[in-house]
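Since the structure is predicted, the reported quantities are computational estimates derived from the model, not experimental observations.
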Amino acid sequence: MRHLCVMVVWVCFALGGLAQQPATTDSPLAHDPVMAKQGDTYYLFATGQGVSVMSSKDLKTWKFEKPVFTEAPQWAVETVKEYKGHTWAPDIIFHNGLYHLFYSCSAFAKNTSAIGHATNPTLDPADPNFKWTDHGKVIQSVPNRDMWNAIDPNIIVDENGTPWMSFGSFWDGIKMVKLTDDMMQVAQPEEWHSLCRRERSFELDDKDPGDGAVEAPFIMKHGDYYYLFVSFDYCCRGKDSTYKVVVGRSKSAIGPYVDKEGRPMAKGGGSLVIEGNTDYAGIGHNSAYHFDGKDYFLCHAYSVAEDGAPKLFIREMTWTPDGWPVVNY
């Protein structure tokens, strides 16, 4: 999310567009979608004021629900001075009897960023136990101190039951840190890993996001491997977006991840999963799930026919005989 002017245009469009959408729709606007299933209902969370929420019984018709936060979390307003409640790139996971929501608070084109955490015992707004409880900051990045950006969180619980959070955008790429079992904070002693990066121009100031355009990690376990999906190139430019999704895999959640040709993702590797075509400019910031015997790939795609509007893109995901994901248009 690099350029301020582009992002301001998209935010204005997104907020206005969401406000104009009907209560239910088969073609919703969405940015950075993630999903969980409770009972017979799918719940989708996305970038938006207070974190946008939708629900569906069939992954086709979507109902707009109330956002997670009716007011911007006070800790985030105080921590990230330019944050006003428009909350980016959430992740949702069920762990130890609670739904855990992680969310990004940031200033445009700066790594003045923080990742927050909230929990709810249920995703059903009609349940009397429904209540989001915010637990505040998990990590924070600071300009001139950190060469990473605390946005785009994704949580994976490994085969030992240990939760890990991957995150990052531009700067020095995608990072991972171990969390405590309740996912409230970074585990001690701290354990960090670098998962994916692209070459960055050496002479750039540390405050500059850089030209190593990688962000939006999402890790999925399939068979014997963990698969790391990331988005290369540029989002948020409407019809000029160049977003694409690449993947690598590892026998360990903490990597190292390599692509089909054996190139390390930590050194710029990544095998193409999907990219823009004549219908969609850029396609990216994905998530991936196994529901009811099928694997699904979610992301947003900038519709050429709708002047670059970010549309929810859901497809069934299959696998090659040698275990690489396939997503068709």
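No more than 12 heavy atoms of other residues, nucleotides or ligands lie within 6.0 Å of CD in Glu71, so this atom counts as exposed by the packing criterion. More than 12 heavy atoms of other residues, nucleotides or ligands sit less than 6.0 Å from atom NZ of Lys221.
Put simply, the side chain of Phe232 does not reach to within 4.5 Å of the side chain of Glu275, judged on heavy atoms. Residues Cys196 and Leu228 form a side-chain contact, since some pair of their non-hydrogen atoms from C-beta on lies under 4.5 Å apart. You'll find the side chain of Met35 stays beyond 4.5 Å of the side chain of Met54, heavy atoms only. Put simply, the side chain of Phe64 reaches to within 4.5 Å of the side chain of Thr25, judged on heavy atoms. The shortest distance between side-chain heavy atoms of Glu78 and Gln74 falls below 4.5 Å. Two residues are said to be in side-chain contact when any heavy atoms from C-beta on lie closer than 4.5 Å; Ile174 and Phe167 fail this criterion. Looking at heavy atoms from C-beta onward, Tyr257 lies in side-chain contact with Tyr226 at the 4.5 angstrom threshold. Residues Lys178 and Glu190 have side chains not in contact (no heavy-atom distance under 4.5 Å, counting atoms from C-beta outward).
Remark: the backbone N or O of Tyr329 is paired with a side-chain donor or acceptor of Arg315 at under 3.5 angstrom. The backbone N or O of Leu298 lies less than 3.5 Å from no partner atom in the side chain of Asn286, so there is not a single donor-acceptor pair. Panel note: side chain Arg249, backbone Gly323; a donor-acceptor pair is recorded below 3.5 Å. Side-chain atoms of Asp146 come within 3.5 Å of backbone atoms of Val142 as a donor-acceptor pair (strictly under, hydrogens ignored). Although no hydrogens or angles enter the test, the distance criterion places no donor-acceptor pair under 3.5 Å between the side chain of Thr162 and the main chain of Asp158. Remark: the backbone N or O of Asn149 is not paired with any side-chain donor or acceptor of Asn111 at under 3.5 angstrom. The backbone N or O of Asp58 sits less than 3.5 Å from a side-chain atom of Ser56, completing a donor-acceptor pair. No donor-acceptor pair closer than 3.5 Å links the side chain of Thr133 to the backbone N or O of Ala118. Checked by atom type and distance alone, the side chain of Ser231 pairs as donor or acceptor with a backbone atom of His285 at under 3.5 Å.
The two residues Ile283 and Phe313 make their nearest non-hydrogen contact at CD1-CE1, 4.4 Å. The two residues Ser166 and Ile219 come nearest to each other via the heavy atoms OG-CD1, 4.1 Å. Between Val273 and Pro325, the shortest heavy-atom distance links the atoms CG2-CG, 4.5 Å. Summarising the geometry of Trp75 relative to Gly136, their closest heavy-atom pair is NE1-CA, 3.4 Å, with the distance given to 0.1 Å. Residues Ala36 and Leu123 approach most closely at CB-CD1, 3.8 Å, considering heavy atoms. Here the shortest heavy-atom pairing between Val246 and Met265 reads CG2-CE, 4.4 Å.
In this structure, a donor-acceptor pair under 3.5 Å is present between the side chains of Thr41 and Lys57. For the residue pair Asn144/Asp206, the side-chain donor-acceptor check at 3.5 Å is not satisfied. In this structure, a donor-acceptor pair under 3.5 Å is absent between the side chains of Asn129 and Thr122. Glu215 and Tyr234 share no donor-acceptor pair across their side chains, judged by distance under 3.5 Å alone. Side-chain contact check for His300 and Tyr280: no donor-acceptor pair (N or O, by modelled atom type) lies under 3.5 Å. The closest side-chain donor-acceptor pair between Asp182 and Asn96, if any, does not fall under 3.5 angstrom. Thr87 and Tyr83 form a side-chain donor-acceptor contact under 3.5 Å, judged by distance and modelled atom types alone.
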- Item | Trace of the side chain to side chain contact (heavy atoms under 4.5 Å, CB included) decision for Val326 with Asn328 | CA-CA 7 Å; Val326 176; Asn328 295 316; 4.0 Å; yes
- Message: Evaluate Tyr43 against Lys37 for side chain to side chain contact (heavy atoms under 4.5 Å, CB included), listing each step before the verdict.
- Response: CA-CA 6 Å; Tyr43 293 91; Lys37 187 180 184 186; over 6 Å; no
- Query: Does the pair Ser27 and Lys311 meet the rule for a side chain to side chain donor-acceptor pair (under 3.5 Å), with working shown?
  - Reply: CA-CA 7 Å; Ser27 183; Lys311 309 296 290 191; 3.0 Å; yes
- Query: Between Asp233 and Lys244, does a salt bridge (Lys or Arg N to Asp or Glu O under 4.0 Å) hold up when you go through it step by step?
  - Reply: CA-CA 7 Å; Asp233 300 338; Lys244 60 177 65 72; 2.4 Å; yes
- Message: Would Asp211 and Ser201 count as a side chain to side chain donor-acceptor pair (under 3.5 Å) here? Give the steps.
- Response: CA-CA 7 Å; Asp211 45 7; Ser201 295; 2.4 Å; yes
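Separating the SG atom in Cys235 from the NE2 atom in His31 is a distance of 5.0 Å, to the nearest 0.5 Å. A distance of 5.0 Å separates CE of Met184 from OG1 of Thr119, quoted to the nearest 0.5 Å. Atom NE2 of His117 is separated from atom NE2 of His100 by 5.0 Å, given to the nearest 0.5 angstrom. Remark: Phe297 CZ to Phe229 CZ distance equals 6.5 Å, nearest 0.5 Å. Separation of atoms NZ (Lys63) and CG (Leu44) is listed at 15.0 Å; rounding is to 0.5 Å. Atom CG of Leu312 is separated from atom SG of Cys299 by 8.0 Å, given to the nearest 0.5 angstrom.
Between Tyr227 and Trp319, the ring centre distance stays below 6.0 Å. The distance between the ring centers of Tyr42 and Trp62 does not fall below 6.0 angstrom.
Tested against Val51, the residues Pro67, Pro90, Ser104 include a single side chain to side chain contact (heavy atoms under 4.5 Å, CB included) partner, Pro90. When the options Phe69, Phe45, Trp88 are evaluated for a ring pair (Phe, Tyr, Trp, His ring centres under 6.0 Å) with Tyr103, the one that passes is Phe69. Each of Ser250, Pro256, Ser252 was checked for a side chain to side chain contact (heavy atoms under 4.5 Å, CB included) with Ile254, and the lone residue meeting it is Ser252. Under the ring pair (Phe, Tyr, Trp, His ring centres under 6.0 Å) rule, Trp148 has a single partner from Trp171, Phe170, Trp192, which is Trp192.
Under a 4.0 Å N-O distance rule, the pair Arg200/Asp172 does not qualify as a salt bridge. Ion pair Glu82/Lys110 flagged as a salt bridge, since at least one NZ, NE, NH1 or NH2 atom sits closer than 4.0 Å to an Asp/Glu carboxylate oxygen. Ion pair Lys260/Asp322 not flagged as a salt bridge, since none of the NZ, NE, NH1 or NH2 atoms sits closer than 4.0 Å to an Asp/Glu carboxylate oxygen.
For Asp240, the side chain to side chain donor-acceptor pair (under 3.5 Å) test picks out no residue, with sequence neighbours left out. With sequence neighbours left out, the side chain to side chain donor-acceptor pair (under 3.5 Å) criterion links Gln185 to no other residue.
A cation-pi contact, defined as under 6.0 Å to the ring centre and within 45° of the axis, is absent between Lys239 and Tyr302.
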